[in-house]
Amino acid sequence: MGGDARSAAASVAAAVREDRLWQRLMDMAAIGARPDGGVDRPALSPDDAAARSLLASWAREQGFSVSTDPIGNLFVRRAGREGGAAPVLTGSHLDTQPMGGKFDGAYGVMAGFEALQAMNDAGIETRRPVELVAWTNEEGSRFQPGCMGSQVFAGALPLEKALVSVDRAGTTAREALAAVLAGEPEMAVRDAGLPVHAYIEAHIEQGPVLEEAGLHLGVVTGIQGYRWFAVEVLGEAAHAGTTPRARRRDAFMAAHAMVGALRGIMEDAEDVARFTIGRFEGEPGSPNTVPSRVFFTIDLRHPEQGPLTRLGDAVEPLCRQHAGACEVRVTETFTAAPLVFDAGVLDTLRTAAGRQGIPYRELPSGAGHDAAFVAKLAPAGMLFVPCARGVSHHPAESATPADLATGTRVLAEALAELANR
């Protein structure tokens, strides 16, 4: 990139305003606010619709165009000199967990918007358009699967399969989306999956690494792969006081042995593998009855494919080995390979951080993000800022205005640079 373009990118970073970014985050957090300080803003709910409308109103005030697509992803476009050029894209999501915080997802959207406004304030023109996107239903807490909007955009999930997803009240995603779009009847609707030149997503870390290292920025090298399993252990109910141990088909004891054995093979000295039993349910649930059925789930994650394959392939044999007199059924419910982000995008982020004198840590993401699916379409990358004690998906989720602004300045410079290539 030439000197004039580098100077323009630097001027955009300088135009980022910490106070404006923070105020917009607080304004967004007021929609779906919980009494405990958290946020409950389900995907495609009235609160989600209000959040989208607020973002659209800010965009129109700045002269940006606003559009949506068949799954409801919301796009804010700042034009470039070459209107037909593939845009540089940034964003995240506005939906939250039921007991969510103010920053997960919303920070990436507000950081992207601040970057676009800083380009206006700096008076620069980019060769390519720069677009902000608020992806639909990243969390997956109301409709499944999560990352629904980015999956449809990337062609990883058929639109019709997404739209027939049903929430606990029996409402389909199609019905909920129609209600949201009814609030913006004049909004343009674009095709899904249009070309993208590059994508960067800003996010709170959702972990403790950066805070413990005393660093204010992370350059995310990739996203861990994961394998999820559902395990059903079938025994036989029996009287707790009269049935000898040798005659029992105790589903709980079998499941307990399985979990203990699994924990043993999942532990590594470097503490890289992530192994979680998220659900563990027993039946019939009586204090004086031997359990006849246990159901539990496994969430296994690793940033390298080799260990992920080896550990995941060991799950079913190990469960069968420790089933005893019980039956066991193991079903792999989801799998995703580890993702390595684009080297060129990562270099752009490193360079922007270096020019601004910001020390950073390179690290993988332990959580999934929309960036994983956009990366199938275009060069992609992410940046992290620290969050207090690594707490996320919780009302106590917190980040400092200074750290949020630091990440936004690096994001803004990187977007401006990519948009001039």
Side-chain angles (χ1 to χ4, degrees), residues 88-93 104-105 107-108 111-112 133 135 138-140 145-147 150-151 153-156 196-213 215-228 266 268 270-276 299-312 334-354 358-387 390 392 407 410-411 414-415 418:
V88 174
L89 198 61
T90 187
S92 193
H93 60 97
D104 174 14
Y107 168 59
V133 57
W135 300 109
E138 191 271 354
E139 294 291 1
C147 294
S150 56
Q151 287 202 65
F153 183 84
V196 175
H197 177 66
Y199 176 75
I200 303 177
E201 183 167 346
H203 212 279
I204 58 170
E205 182 192 352
Q206 300 180 286
V209 174
L210 295 176
E211 183 182 58
E212 290 178 355
L215 295 170
H216 305 285
L217 184 73
V219 173
V220 184
T221 55
I223 297 177
Q224 290 192 114
Y226 36 105
R227 298 177 71 176
W228 292 353
M266 298 295 176
D268 58 326
E270 296 79 17
D271 196 17
V272 176
R274 297 288 179 263
F275 170 71
T276 303
D299 181 324
L300 168 64
R301 307 191 188 206
H302 202 285
E304 299 175 23
Q305 185 62 58
L308 183 67
T309 298
R310 174 176 56 81
L311 293 172
F334 185 74
T335 183
L339 170 72
V340 178
F341 283 129
D342 180 76
V345 174
L346 295 181
D347 281 344
T348 301
L349 290 169
R350 294 182 189 107
T351 300
I358 301 168
Y360 60 87
R361 166 79 62 88
E362 296 192 9
L363 72 170
S365 172
H369 297 283
D370 292 303
F373 297 98
V374 188
K376 301 178 187 298
L377 293 179
M382 291 187 71
L383 61 82
F384 280 165
V385 297
C387 56
S392 184
V410 173
L411 173 69
L415 292 174
L418 289 168

Nearest atoms (heavy-atom pairs only) where L217 meets P386:
N-CD, 4.4 Å
To the nearest 0.5 Å, what is the distance between NE2 on H216 and CD on E211?
10.5 Å
Is a donor on one side and an acceptor on the other found under 3.5 Å between the side chain of Q151 and the backbone of G146?
yes
Side chains of V272 and E304 in contact at under 4.5 Å (non-hydrogen atoms)
no
Considering residues, nucleotides and ligands other than R350, do more than 12 of their heavy atoms fall under 6.0 Å from its CZ?
yes
Would F153 and D370 count as a side-chain contact (heavy atoms from CB on, under 4.5 Å) here? Give the steps.
CA-CA 10 Å; F153 183 84; D370 292 303; over 6 Å; no
Does one side chain, of Y199 or E201, offer a donor that lies under 3.5 Å from an acceptor on the other?
yes
Pick out which of L363, V209, I204 makes a side-chain contact (heavy atoms from CB on, under 4.5 Å) with F384.
L363
Among residues at least two apart in sequence or on other chains, which ones pass ring pair (Phe, Tyr, Trp, His ring centres under 6.0 Å) with H203?
H369
List the atom of F373, the atom of C147, and the distance in Å for their closest heavy-atom pair.
CE1-CB, 3.5 Å
List the steps and the verdict of side-chain contact (heavy atoms from CB on, under 4.5 Å) for E139 and D104.
CA-CA 10 Å; E139 294 291 1; D104 174 14; 2.8 Å; yes
For residues Y360 and A353, report the shortest heavy-atom separation together with the two atoms involved.
CD2-CB, 3.8 Å
Heavy-atom pair with the smallest gap, counting every atom of A273 and L311
CB-CD1, 4.2 Å
Spell out, as yes or no, whether a donor-acceptor pair under 3.5 Å connects the side chain of E205 to the backbone of L210.
yes
Out of L89, L415, L346, which residue meets the side-chain contact (heavy atoms from CB on, under 4.5 Å) rule with I200?
L415
Exercise: identify the closest heavy-atom pair between L349 and V410:
O-CG1, 3.9 Å
Mind listing the closest non-hydrogen atom pair of A367 and R301 along with its distance?
CA-NH1, 3.8 Å
